[in-house]
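Right, one structure below, let's go through it.
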Amino acid sequence: MKLYVTFWNIRILHLLISVVVTILPIIFIIILLYFHTVSKLQNKAITSSKQSIKTINNLLTEIDHSATKLLNISNPACEIIEPALIKYTVTHTYIRTLNLTKDSIIYCSSFADANYRSTFLAKGELMHLFSNNDITPDRSFVYYHKTKGAWGVLIAIDGSYLAYLLNNEKNSFLVINENWLDIKGLAQSSRSFKGNPDQIEVSSNQYPFKIITVLSLTTYLEYMLEHYLLFLLILSLVMIPIGIKVYIQLPIHDIVKAMRHKQFIPYYQLIKISNSDQWSGVEVLIRWQHPKKGLIMPNEFISAIERSKHIIPFTLNLMEHVKNDFIKNLEIIPKGFHISINISPKHLQTTKLALDCEKFLQHFPKEHIQLTLEITEREIAQPTETAKKLFNLLQDLKVFISIDDFGTGHSSLSYLTSFKVDYIKIDQSFVSTLEDSLSSRYIINGIIDLANNLNIYIIAEGVENHSQKEYLTQHGVKYLQGYLFSKPTPIAELQKILAP
Ligand code: C2E
Ligand code: CA
Ligand code: CA
C-alpha cells in the first residue's frame with residue numbers, strides 16, 4: 001500500500017532540525033560560559049579571601065601586640081589600669097571591650113559590668129566567635145584571648161567590623177571553629193546550604209580562622225544573567241536567521257539527495273479530445289517515490305525546487321526519464337501524441353531550455369511526439385528579451401507553449417500579445433465551480449471567446465463529472481483533462497490504457 005505523507009510530517013521534521021540547529025550552538029555556548037563562570041567565580045573567591053585574610057591577619061597582629069604589652073605588666077591593679085583599658089577601647093572603634101582575665105574569669109574590664117564574668121573560652125583557646133552575649137544580645141563579636149600562665153588579656157572585636165573586612169562578598173563567611181560570620185555581621189554556630197554548592201576555603205596560616213565562600217548554581221546563574229544576557233540575546237538574534245535559512249534549505253538538501261537516487265518519477269495524466277474518444281496526449285506530473293515515506297505529491301516539494309537553482313537539472317532529468325518511457329513504448333503511442341511538461345519561470349532566464357527540447361525531440365521519429373511546455377500564469381512576470389528569444393527558438397522547434405492555470409494570475413494578456421501561445425488551460429478552480437457559480441461560467445466563457453479570437457486552443461483541467469464535460473464540450477473547449485477520464489498514472493498503467 002502506498003503511503004501518502006502529509007505536508008506537516010516533513011515540515012515538522014524540518015522545523016525540529018532547524019530548531020536544533022539554532023538552539024544547539026546557543027546551548028553549547030551557555031555550557032562554555034557556565035564553566036567559565038564557575039572557574040572565574042572560584043578564582044575570584046580565592047583572591048578575595050586571601051585579601052580579607054591578609055587584612056584580618058594585620059588587625060589581629062596589632063591586637064596581639066597590644067595584648068602582649070598588657071600581659072607584660074605584671075599583676076596590674078584594676079583601678080590603675082582601667083582608664084587605660086577604656087581609652088584603648090574608645091580609640092579603637094573595632095574593639096568592643098578590653099579585659100584582663102585570671103583563670104578565664106574577667107577581673108578588670110573597660111566595660112565595668114563585665115567584671116567577674118566567665119570568658120566561656122576553653123583552656124588555651126585563642127579566638128572564639130560569639131553570635132551575641134547578654135550585654136549586646138543582637139551583636140556578634142570575636143574574643144581574642146592572649147594568656148600567660150593563669151593571666152590573660154581578652155579583647156572583644158566587633159563582629160560587624162570583621163564582616164566589613166569580607167570585601168562585601170555576599171557568599172563569603174569568616175569561620176572560627178565551627179561558627180560562621182556573614183557579611184551582615186550575623187554569626188551562626190552552623191550553616192546548611194541548599195543543593196550541593198561548591199565551598200571555597202582559604203585558611204589563615206597565622207591565626208585560627210578561615211574564609212569560606214559558598215558558590216551555588218544560583219550564584220553562577222545570577223552572575224551569568226548579569227554579565228552574559230546581552231551577549232546571549234545577540235547570539236540568539238544571529239542564530240534565528242541561520243535557523244530560518246536552514247529551515248528553507250532543508251527540503252532542498254533532501255531533494256538534491258532524492259534526485260541523485262533517482263527517486264522522482266513521472267506520472268502521466270491523459271488529456272482527451274472533447275468531442276471524440278481519442279486521447280490527445282498526456283501531462284507529465286512528477287511524483288517523489290520516497291523509500292520510507294512512500295509517494296509524495298508535488299505540492300509538497302515542487303515550490304521549494306522551483307525557488308532554487310535545482311529546477312533546471314530537475315526538469316532535465318524529468319525530460320530524460322519521460323524520453324526513455326516513451327521510446328520504449330513508441331509502437332503504442334499514436335502519431336502526433338502531445339507530451340506536456342510543466343516548467344517554472346527560472347527556465348525563462350536563459351535559452352538553454354530550447355536546446356534541451358531539441359535534444360529530447362531528436363530521439364523520436366519526426367512529428368511523432370508533440371512537445372508542449374506548460375508555464376503557470378501564477379508565476380510569470382513580464383516577458384523579458386531572453387524569454388522572448390527562448391519562445392522564438394521553441395516556436396522554430398515546433399514546441400508548443402501552454403499557459404497553465406489561466407485566469408488565476410494577472411500577466412497572461414501581455415504574454416498572449418508578446419509571443420505565440422498555443423494553448424491556455426482553464427484553471428480547475430473555475431471548472432469545479434462551474435455548476436454553482438455564475439461568475440465561473442462567465443470567466444470560462446470569456447476565456448473561450450478570447451482564445452477563439454486569438455486562435456489558441458483551450459484545455460479545461462479538473463473535469464470531474466459529466467455535466468462539466470457537457471458544458472465545456474458544448475462551448476467549444478477542444479481538450480479536457482480530469483479524473484473523469486484519467487488519473488495521473490505511472491508508465492506501466494499508461495501502457496495498459498494505450499495498448500490496443
Ligand atoms: P498543475 O500543472 O495545475 O497540474 C494539475 C494538477 O491537478 C495535478 O496535481 C493533477 O493531478 C490534478 N488534477 C488533474 N485532474 C484533476 C481532477 O479532476 N480533480 C482534481 N482535484 N485534481 C486534478 P498534481 O499532480 O498534484 O500537481 C500539482 C502541481 O505541481 C501541478 O499543477 C504543477 O503546478 C506542479 N507540478 C507537477 N509536476 C511538475 C513538474 O514536473 N515540474 C514543475 N515545475 N511543476 C510540476
Ligand atoms: Ca500543468
Ligand atoms: Ca493547472
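Just so you know, ligand 1 is whichever comes first in the structure, and atom 1 is the first atom listed for that ligand.
When all heavy atoms of Pro490 and Tyr268 are compared, the closest pair comes out as C-CD1, 4.4 Å.
Remark: ligand 1 atoms within the under-4.0 Å shell around heavy atoms of Glu306 are 43 (C), 44 (N), 45 (N). Numbered from 1 in the order shown, with element, the atoms of ligand 1 that lie under 4.0 Å from a heavy atom of Pro298 read 24 (P), 25 (O), 26 (O), 27 (O), 28 (C), 30 (O), 37 (C).
The distance criterion of under 3.5 Å between nitrogen or oxygen atoms is met by Tyr483 with respect to ligand 1. In terms of polar-atom proximity, defined here as any N/O pair under 3.5 Å, Ile286 does make such a contact with ligand 1.
Rounded to the nearest 10 degrees, the angle OD1 (Asn342) to the Ca ion (ligand 2) to OE1 (Glu374) equals 90°.
Using a distance-only test at 3.5 Å, with no hydrogens or angles considered, no donor-acceptor pair links the side chain of Asp427 to the main chain of Phe430.
Contact analysis leaves Thr376 out of contact with ligand 1, as no non-hydrogen atom separation drops below 4.0 angstrom. Look at Lys425 and you'll find every heavy atom at least 4.0 Å from all atoms of ligand 1. Under a 4.0 angstrom heavy-atom cut-off, Gln481 registers as lying outside contact with ligand 1. Not a single heavy atom of Lys487 sits closer than 4.0 Å to an atom of ligand 1.
Distance check for Asp404 against the Ca ion (ligand 2): an N/O/S atom falls below 3.0 Å. The Ca ion (ligand 2) has Glu283 among its coordinating residues (N/O/S atom, backbone or side chain, under 3.0 Å).
For the side chain to side chain donor-acceptor pair (under 3.5 Å) with Thr376, the lone residue among Asp404, Asp405, Asn342 that qualifies is Asp405.
Comment: Lys170 does not engage Asp182 in a salt bridge, judged by the lack of any side-chain N to carboxylate O separation of less than 4.0 angstrom.
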